[in-house]
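Keep in mind the model is a prediction, meaning the values are calculated, not measured.
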Amino acid sequence: MHMHLRDPGEGLLVLPQDGARIDRLDAQRKRPEWLSEVWSTPGTRVLRLYGRRARLSGNRLDYEEATGPLPEGAVALGAVDPAELPDGAASNGVSGSRGGAAALVHVVTVAHPKPADEHVAAGTTWADLAFAGSQLTPLDAALLTQALAITAWHVGTRFCASCGTATEVEVSGWRRVCPHCGAQTFPRTDPAVITAVLDSDDRILLGSAHRWDTCRYSTFAGFVEAGESVEAALAREIEEEAGVVVSDIRYMGSQSWPFPRSLMLGHFAVACDASVARPDGDEIRDVRWFTRAELTEAAEAGEVTLPTRSSISRALIERWHGTLINAVSDAQPRPAPSRANTGSTNGRPGQRGQQPR
């Protein structure tokens with residue numbers, strides 16, 4: 001694999017969560033009684049998850065006031081500026097820990113397996129991060145991402161990896177501890193590279209995966225494997241999937257993608273020889289080079305469907321394009337791929353279905 005680095009030069013990508021301010025209050029949440037105190041504090045807001053969705057109230061997430069006993073599985077997300085919440089909530093007196101910021105308001109998340117009948121009444125609308133994330137405010141997008149990530153982690157770490165004993169929750173939902181052997185487990189993030197490949201003529205290379213419909217195209221992505229650097233993983237994935245050796249790697253920004261726990265590291269890279277591009281035939285069925293005009297025409301005609309605007313993949317494509325027009329439609333939600341055609345469902349290297357492509 002041949003590659004060399006250069007200065008990023010241009011500014012980083014603008015992503016849906018950019019600008020969100022959440023004080024995670026790390027020091028306070030370590031106190032055993034902290035979560036109970038937060039829940040009982042007047043004005044604390046609750047973000048409820050139903051599967052992978054949250055309810056919308058108008059064009060904002062629906063934040064309830066905390067009432068009743070503390071629910072099992074609640075997790076403290078942190079404190080936010082009350083002026084950024086949809087109802088302009090009054091502060092509940094939390095002092096900001098960063099530079100003497102103004103008083104903040106707590107937000108707690110509570111997860112439910114799926115909507116109960118009383119939560120699916122006529123008129124209920126839902127926020128799905130993958131397909132509506134770009135339409136949320138930065139704070140809503142950041143809180144929903146954080147809530148999805150932490151609750152998915154709890155589902156996957158109920159038992160100790162060392163001895164198999166059921167673990168117990170500590171640190172207001174941010175640590176699990178084994179009561180038998182004492183092993184501690186913290187929320188995990190899996191780094192993944194996602195890359196827009198360009199050529200010397202400033203065309204972009206996009207690929208269509210076998211698990212998608214034939215018109216959906218996106219950038220190339222894969223998980224960083226054990227012992228790999230980000231740059232090595234990027235070069236390996238592109239060479240494996242598209243047969244292209246790349247150079248001139250430029251980091252463009254990152255995005256948390258909590259399906260279940262990816263951190264997408266976005267890049268541009270330049271193909272050393274555009275003529276050798278070919279699909280691997282395993283994961284990728286087709287690869288195509290596009291000029292800006294060709295991609296716009298293909299998308300407007302419905303020949304090509306692009307990633308959703310909530311994804312870093314779409315942000316990379318739009319940064320390259322510069323003036324991607326609104327008529328280019330987003331990919332629409334589809335049923336999740338089954339275990340039979342993904343090979344894995346736990347986010348390990350080799351599984352691409354959870355990535356924002």
Side-chain angles (χ1 to χ4, degrees), residues 8-18 128-136 141 193-221 234 237-238 241-244 246-255 257 264-279 283-334 352 355-357:
E10 294 181 338
L12 300 183
L13 299 171
V14 176
L15 297 166
Q17 299 175 35
D18 290 348
D128 178 299
L129 183 65
F131 298 99
S134 64
Q135 300 172 29
L136 298 174
V193 289
I194 185 161
T195 310
V197 179
L198 311 179
D199 71 357
S200 58
D201 293 323
D202 202 22
R203 297 180 299 172
I204 193 169
L205 182 67
L206 301 178
S208 179
H210 281 291
R211 70 179 181 279
W212 302 335
D213 62 55
T214 56
C215 67
R216 184 177 177 189
Y217 282 77
S218 187
T219 54
F220 298 92
L234 181 157
E237 285 287 344
I238 294 171
E241 294 187 351
V244 173
V246 296
S247 64
D248 291 346
I249 296 170
R250 286 193 292 154
Y251 173 73
M252 295 303 297
S254 64
Q255 180 184 36
W257 196 249
M264 308 304 299
L265 305 170
H267 297 79
F268 282 129
V270 177
C272 297
D273 183 356
S275 68
V276 301
R278 50 99 187 109
E283 294 183 37
I284 308 299
R285 73 158 66 84
D286 185 39
V287 296
R288 291 177 60 183
W289 288 104
F290 295 92
T291 65
R292 290 171 178 80
E294 288 169 346
L295 184 58
T296 300
E297 181 180 355
E300 288 181 328
E303 178 187 342
V304 167
T305 303
L306 296 175
T308 64
R309 282 197 165 91
S310 62
S311 71
I312 192 170
S313 179
R314 180 65 168 262
L316 286 164
I317 295 170
E318 292 193 341
R319 171 59 66 87
W320 161 79
H321 193 286
T323 57
L324 200 60
I325 60 177
N326 292 332
V328 178
S329 62
D330 285 343
Q332 295 301 308
R334 294 180 179 83
R352 308 295 191 263
Q355 297 177 4
R357 300 176 64 178

Review point. Which distance, rounded to the nearest 0.5 Å, do you find between the CZ of Arg309 and the CZ of Arg314?
Key: 4.0 Å
Exercise for review: Could you grab the distance from atom CZ of Arg288 to atom CD of Glu303, nearest 0.5 Å is fine?
Suggested key: 4.5 Å
Study note, to complete from the structure: Shortest non-hydrogen pair, Ile284 vs Gly207, comes out as CG2-CA, 4.4 Å
**Study point:** Shortest non-hydrogen separation from Ala271 to Val244 and the atoms involved
**Key:** CB-CG1, 3.3 Å
Practice item. Determine yes or no for a side-chain-to-main-chain donor-acceptor pair under 3.5 angstrom, with Ser310 supplying the side chain and Ala130 the backbone. Key: yes
Practice item. Evaluate the criterion side-chain contact (heavy atoms from CB on, under 4.5 Å) for residue pair Leu295 and Leu306; output intermediate values, then yes/no. Key: CA-CA 10 Å; Leu295 184 58; Leu306 296 175; 4.1 Å; yes
Review point. Does the side chain of Trp257 reach to within under 4.5 Å of the side chain of Ile312, using non-hydrogen atoms?
Key: no
Check your understanding: Is there side-chain contact between Arg203 and Thr291, with heavy atoms separated by less than 4.5 Å?
Key -> yes
**Study point:** Residue of the set Ser311, Ser313, Ser208 for which side-chain hydrogen bond (donor to acceptor under 3.5 Å, both in side chains) holds with Ser218
**Key:** Ser313
Exercise for review: Starting at OH of Tyr251, measure out to CG of Leu13 and round the result to the nearest 0.5 Å.
Suggested key: 8.5 Å
Check your understanding: Quick one: are Ile317 and Leu206 in side-chain contact, heavy atoms under 4.5 Å?
Key -> yes
Review point. What do the steps show when you test Val197 against Trp289 for side-chain contact (heavy atoms from CB on, under 4.5 Å), and what is the final call?
Key: CA-CA 9 Å; Val197 179; Trp289 288 104; 4.1 Å; yes
Exercise for review: List the steps, then state whether side-chain contact (heavy atoms from CB on, under 4.5 Å) holds for Asp286 with Tyr217.
Suggested key: CA-CA 9 Å; Asp286 185 39; Tyr217 282 77; 2.3 Å; yes
Check your understanding: Could you give the distance from CH2 (Trp212) to OG1 (Thr305), rounded to the nearest 0.5 Å?
Key -> 11.0 Å
**Study point:** CG-CZ distance between Leu12 and Arg250, expressed to the nearest 0.5 angstrom
**Key:** 10.5 Å
Exercise for review: Could you tell me which non-hydrogen atom of Val276 sits nearest to which non-hydrogen atom of Gly243, and how far apart they are?
Suggested key: CG2-O, 3.4 Å
Revision key, fill the gap. In this structure, NE2 of His210 is separated from CD of Glu283 (nearest 0.5 Å) by 9.0 Å
Point to revise | Identified side chain to side chain contact (heavy atoms under 4.5 Å, CB included) counterpart of His267 within the set Ile249, Ile238, Thr219, Ile194 | key: Ile249
Check your understanding: Minimum heavy-atom separation for Cys272 to Val246, with atom names?
Key -> SG-C, 4.0 Å
Exercise for review: Output yes when a side-chain donor or acceptor of Trp320 lies under 3.5 Å from a complementary backbone atom of Asp202, and no otherwise.
Suggested key: yes
Practice item. Measure across Leu129 and Ala141 and return the closest heavy-atom pair with its distance rounded to 0.1 Å. Key: CD1-O, 4.2 Å
Review point. Taking it one step at a time, do Phe290 and Thr296 satisfy side-chain contact (heavy atoms from CB on, under 4.5 Å)?
Key: CA-CA 9 Å; Phe290 295 92; Thr296 300; over 6 Å; no
Exercise for review: Search all heavy atoms of Leu265 against all heavy atoms of Ser254 and return the closest pair with its distance.
Suggested key: CD2-CB, 3.8 Å
